[in-house]
Engineer: 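Sharing a structure here in structure tokens format.
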Amino acid sequence: MSLVRSAALQNFRRCVEALGGDATHYARLADLPAGALDSDDLLVDDRSVAAVLEIAAAKLGRPDLGLRVGATQELGMLGALAIAIRNSPSVADALECISRYMFVHGSELSLSVVADPDRVPRVVALRYSCGEGREPLPQAVDMTMLFIHRMTAFLVGDHYTPHTVDLPHRPMAPAGAYAEAFGTQVRFARAHADLRVPADLLAQPLVNADGALRRQALRFLSGRPEQPDSWVVDRVRAVLDKSLDMGGTGLPQVARVLSLHPRTLQRKLAAQGRTFALILDDVRRDRARHYLTATDMPMAQISGLLGFSDQAVLSRCARRWWGCPPTGVRREAEKRRTLLASGETFRWADAAERGTSVTGRATGRENPGCGLSQRIGPAGM
């Protein structure tokens with residue numbers, strides 16, 4: 001289970017009730033404590049946070065609900081982290097602060113600056129992730145990405161316009177609603193959730209920054225437990241994730257990016273009980289899951305993006321990873337989306353414990369599915 005602060009649902013109740021919905025009822029359907037809708041500091045299952053948005057959107061017939069909630073959320077919901085962000089010397093320092101301390105608000109959440117996925121000069125991407133291998137639900141991604149966009153605009157002022165906003169799912173609402181919310185082109189079914197911005201934005205200083213306030217906030221944040229020291233595994237994963245569709249997935253290439261000798265990298269990974277081959281397999285599995293469950297890409301294209309020689313390799317890997325062919329994985333994802341849209345009551349923990357896919361209370365039948373229950377329904381802030 002991955003936990004997030006209930007601040008992630010700031011103004012959810014207000015938005016839902018303004019549309020005539022029953023926010024408390026939707027929380028109950030998602031197995032979410034009703035108190036999480038009125039407090040910023042409860043720790044709740046991020047899957048329930050994502051599910052309540054999907055359920056409410058379906059019940060209300062408002063596919064733009066995630067955008068509506070995200071448009072009302074303020075930077076202050078991040079607490080001490082907001083103080084550190086506001087008082088950073090530059091945008092780059094603010095983003096570094098978010099990257100370092102985002103786990104305070106969600107154990108699997110991250111926001112990082114990466115090279116532009118389109119390889120456009122002088123462009124970088126602010127990449128949001130709800131956790132490695134976790135399948136994000138669209139309404140939660142919409143809400144979070146709009147919050148990140150609005151936070152960036154707050155920091156840099158009126159002259160900020162992103163090049164594009166890339167979302168890892170199909171449009172839930174009309175494309176015009178996305179363009180209006182973000183003020184720029186929004187592209188769908190992309191590999192990652194990215195806010196593509198000018199690289200020189202990072203050097204922009206923040207006006208009225210108070211260094212003393214920032215140091216005080218950082219001291220408070222530093223008192224929280226740090227994440228495990230798995231930097232080698234994390235960095236190898238990050239490099240592979242960025243280079244997978246460009247072919248740079250060999251041990252020598254990755255070691256060169258990390259400024260390590262290949263044998264040194266192997267030793268460091270072995271010290272943490274991992275091998276390069278296993279990490280590459282994990283990255284390919286996670287990327288394959290995304291392509292199969294969140295896009296309509298043909299199987300041959302997916303095989304190429306994963307660095308496989310042909311489609312048969314993808315089929316063999318899918319059977320090893322999930323016990324079924326790629327087409328079965330895609331069908332299973334469609335069933336889960338249909339279930340969420342129906343708003344039937346379900347319990348994540350019960351489904352995972354059974355080792356089956358989520359099933360609605362209405363039928364009580366288990367669906368053996370394709371062995372995806374360990375990664376079931378997942379999260380976005």
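Bear in mind that the values here come from a model prediction, so they are computed numbers and not experimental data. Residue numbers start at 1 and run along the sequence shown.
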Engineer: Same hydrophobic cluster for V313 and I302, using side-chain heavy-atom links shorter than 4.5 Å among ILVMFWY?
Structural biologist: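 As far as the 4.5 Å side-chain criterion goes, I302 and V313 are connected within one cluster.
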
Engineer: Does E17 have more than 12 heavy atoms from other residues, nucleotides or ligands lying within 6.0 Å of its CD?
Structural biologist: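 More than 12 within 6.0 Å, yes.
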
Engineer: First locate atom CG of L213, then atom CG of N208, and finally report the distance between them rounded to the nearest 0.5 Å.
Structural biologist: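 CG of N208 is found 11.5 Å from CG of L213.
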
Engineer: Provide the closest heavy-atom pair for T295 versus A189 in the form atom of the first, atom of the second, distance.
Structural biologist: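 That would be CG2-O, 3.9 Å.
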
Engineer: Testing the basics here: between A209 and S88, what is the closest heavy-atom pair and its distance to 0.1 Å?
Structural biologist: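 Nearest pair, atom of A209 first, then S88: CB-O, 3.5 Å.
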
Engineer: Does any N or O in the side chain of S99 come within less than 3.5 Å of the main-chain N or O of L95, such that one atom is a donor and the other an acceptor?
Structural biologist: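 Not at all, since once roles are kept as given, no pair shorter than 3.5 Å links the two residues.
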
Engineer: When you compare the side chain of V186 with that of P171, does any pair of heavy atoms fall below 4.5 Å?
Structural biologist: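 They are not in contact (no side-chain heavy atoms under 4.5 Å apart), so the answer is no.
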
Engineer: Out of curiosity, Y101 OH to L221 CG, how far, rounded to the nearest 0.5 Å?
Structural biologist: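 Atom-to-atom, Y101:OH and L221:CG are 6.0 Å apart.
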
Engineer: Carefully, step by step, assess D286 and R237 under the rule salt bridge (charged side-chain N to carboxylate O under 4.0 Å, His left out).
Structural biologist: CA-CA 11 Å; D286 295 343; R237 284 189 67 100; 2.7 Å; yes

Engineer: Give the C-alpha distance, both sets of side-chain angles, the deciding distance and a yes or no for salt bridge (charged side-chain N to carboxylate O under 4.0 Å, His left out) between D296 and R170.
Structural biologist: CA-CA 9 Å; D296 293 321; R170 306 177 188 91; 2.7 Å; yes

Engineer: Flag the pair H192 / R287 as yes when at least one side-chain heavy-atom distance between them is below 4.5 Å, and no otherwise.
Structural biologist: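 In short, these two side chains touch, coming nearer than 4.5 Å.
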
Engineer: Under the 3.5 angstrom rule, does the side chain of S48 hit a backbone N or O of L32 as a donor-acceptor pair?
Structural biologist: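 No, S48 side chain to L32 backbone: no donor-acceptor pair under 3.5 Å.
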
Engineer: I need the L9 CG to Q73 CD distance, nearest 0.5 Å.
Structural biologist: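 L9 atom CG to Q73 atom CD measures 7.5 Å (nearest 0.5 Å).
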
Engineer: Side-chain contact test, heavy atoms from C-beta onward, threshold under 4.5 Å: evaluate it for L314 versus Y291 and give yes or no.
Structural biologist: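 Side-chain contact under 4.5 Å: no.
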
Engineer: Counting only heavy atoms not in Q216, do more than 12 sit closer than 6.0 Å to its CD atom?
Structural biologist: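 Counting other residues, nucleotides and ligands, CD of Q216 stays at 12 neighbours or fewer.
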
Engineer: I need the minimum non-hydrogen distance between P168 and A294, along with the two atoms involved.
Structural biologist: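 That would be O-CB, 3.2 Å.
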
Engineer: Looking at T152, L126, V124, which hits side chain to side chain contact (heavy atoms under 4.5 Å, CB included) with L201?
Structural biologist: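 Result: among T152, L126, V124, T152 is the only option passing the side chain to side chain contact (heavy atoms under 4.5 Å, CB included) with L201.
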
Engineer: Output the distance between atom CG (L269) and atom CD1 (I279), rounded to the nearest 0.5 Å.
Structural biologist: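 Result: 4.5 Å between the selected atoms.
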
Engineer: Give a yes or no answer on whether the side chain of H261 reaches the backbone of R263 with a donor-acceptor pair at less than 3.5 Å.
Structural biologist: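 Checking the backbone N and O of R263 against the side chain of H261, a donor-acceptor pair under 3.5 Å is found.
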
Engineer: Under a 3.5 Å cutoff, is there a donor and acceptor pairing between the side chains of R330 and T327?
Structural biologist: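 R330 vs T327: no donor-acceptor pair found between side chains.
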
Engineer: Aromatic ring centroids of Y178 and F188 under 6.0 Å?
Structural biologist: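 When the ring centroids of Y178 and F188 are compared, they turn out to be within the sub-6.0 Å range.
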
Engineer: Roughly how far, to the nearest 0.5 Å, is the CG atom of D46 from the CZ atom of R5?
Structural biologist: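 These two atoms lie 14.5 Å from each other.
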
Engineer: Does any non-hydrogen side-chain atom of M299 lie less than 4.5 Å from one of S315?
Structural biologist: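 The answer is no, as the side chains (C-beta and beyond) never meet within the 4.5 Å cut-off.
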
Engineer: Are V69 and I148 connected in a single hydrophobic cluster, I mean Ile/Leu/Val/Met/Phe/Trp/Tyr linked by side-chain heavy atoms less than 4.5 Å apart?
Structural biologist: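 As far as the 4.5 Å side-chain criterion goes, V69 and I148 are connected within one cluster.
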
Engineer: Identify the heavy atoms of L306 and A288 that sit nearest to each other, and give their distance.
Structural biologist: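 L306 and A288 have their closest heavy atoms at CD1-CB, 3.6 Å.
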
Engineer: Check the hydrophobic clustering (I, L, V, M, F, W, Y; side-chain heavy atoms under 4.5 Å; chains of links allowed) and say if M151 and V114 are grouped together.
Structural biologist: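 Different hydrophobic clusters.
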
Engineer: I'd like to know if the side chain of Q266 and the backbone of F276 have a donor-acceptor N/O pair within less than 3.5 Å.
Structural biologist: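 Between the backbone of F276 and the side chain of Q266 there is no qualifying donor-acceptor contact (under 3.5 Å).
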
Engineer: Distance-only, no hydrogens or angles: does the R62 side chain make a donor-acceptor pair with backbone N or O of A173 under 3.5 Å?
Structural biologist: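 Absent.
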
Engineer: Any non-hydrogen side-chain atom of M145 less than 4.5 Å from a side-chain atom of F182?
Structural biologist: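 Yes - at least one pair of side-chain heavy atoms lies under 4.5 Å apart.
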
Engineer: Got a salt bridge between R190 and D118, using NZ or NE/NH1/NH2 to carboxylate O under 4.0 Å?
Structural biologist: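 A salt bridge is present here (some side-chain N lies under 4.0 Å from a carboxylate O).
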
Engineer: With rounding to the nearest 0.5 Å, note down the distance linking CD in Q185 to CG in D166.
Structural biologist: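 CG of D166 is found 8.5 Å from CD of Q185.
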
Engineer: Does any part of the side chain of V120, heavy atoms only, come nearer than 4.5 Å to the side chain of H163, both counted from C-beta?
Structural biologist: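 No, side chains not in contact.
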
Engineer: Does one side chain, of T164 or R196, offer a donor that lies under 3.5 Å from an acceptor on the other?
Structural biologist: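 Indeed, the side chains of T164 and R196 share at least one donor-acceptor pair under 3.5 Å.
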
Engineer: Whether the side chain of T184 engages the backbone of P162 through a donor-acceptor N/O pair (distance < 3.5 Å, no angle test) should be reported.
Structural biologist: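 Checking the backbone N and O of P162 against the side chain of T184, a donor-acceptor pair under 3.5 Å is found.
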
Engineer: State, to 0.1 Å, how close A56 and L65 come at their nearest heavy-atom pair, and which atoms those are.
Structural biologist: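 Between these two residues, the closest heavy atoms are CB-CD2, 3.5 Å.
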
Engineer: Taking the side chain from D281 and the backbone from R284, do they hold a donor-acceptor pair closer than 3.5 Å?
Structural biologist: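 Absent.
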
Engineer: Would the number of heavy atoms belonging to other residues, nucleotides or ligands and lying under 6.0 Å from CZ of R122 be above 12?
Structural biologist: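 At most 12 heavy atoms, drawn from other residues, nucleotides or ligands, come within 6.0 Å of this atom.
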
Engineer: Quick one, L53 and L137 - any side-chain contact, counting heavy atoms below 4.5 Å?
Structural biologist: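 Of all side-chain heavy-atom pairs linking L137 with L53, none is under 4.5 Å.
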
Engineer: Under 3.5 Å, is there a donor-acceptor pair between the R13 and T24 side chains?
Structural biologist: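 Yes, a side-chain donor-acceptor pair sits under 3.5 Å.
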
Engineer: Under a 4.5 Å side-chain heavy-atom rule over Ile, Leu, Val, Met, Phe, Trp and Tyr, are L278 and W321 clustered together?
Structural biologist: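 No: no chain of side-chain contacts under 4.5 Å links L278 to W321.
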
Engineer: Go through the side-chain N and O atoms of H25 and R28 and say whether any donor and acceptor fall under 3.5 Å apart.
Structural biologist: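 Result is yes, a qualifying pair exists.
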
Engineer: Following the transitive rule for hydrophobic clusters with a side-chain heavy-atom cut-off under 4.5 Å over Ile, Leu, Val, Met, Phe, Trp and Tyr, establish whether L195 and L78 coincide in one cluster.
Structural biologist: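 Linked within one cluster.
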
Engineer: Closer than 4.0 angstrom, basic N to acidic O: yes or no for R47 and D31?
Structural biologist: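 The answer is no: the pair does not qualify as a salt bridge.
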
Engineer: For D40 and Q10, work out which heavy atoms get closest and say how close.
Structural biologist: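 Closest approach of D40 to Q10: OD2-NE2, 4.4 Å.
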
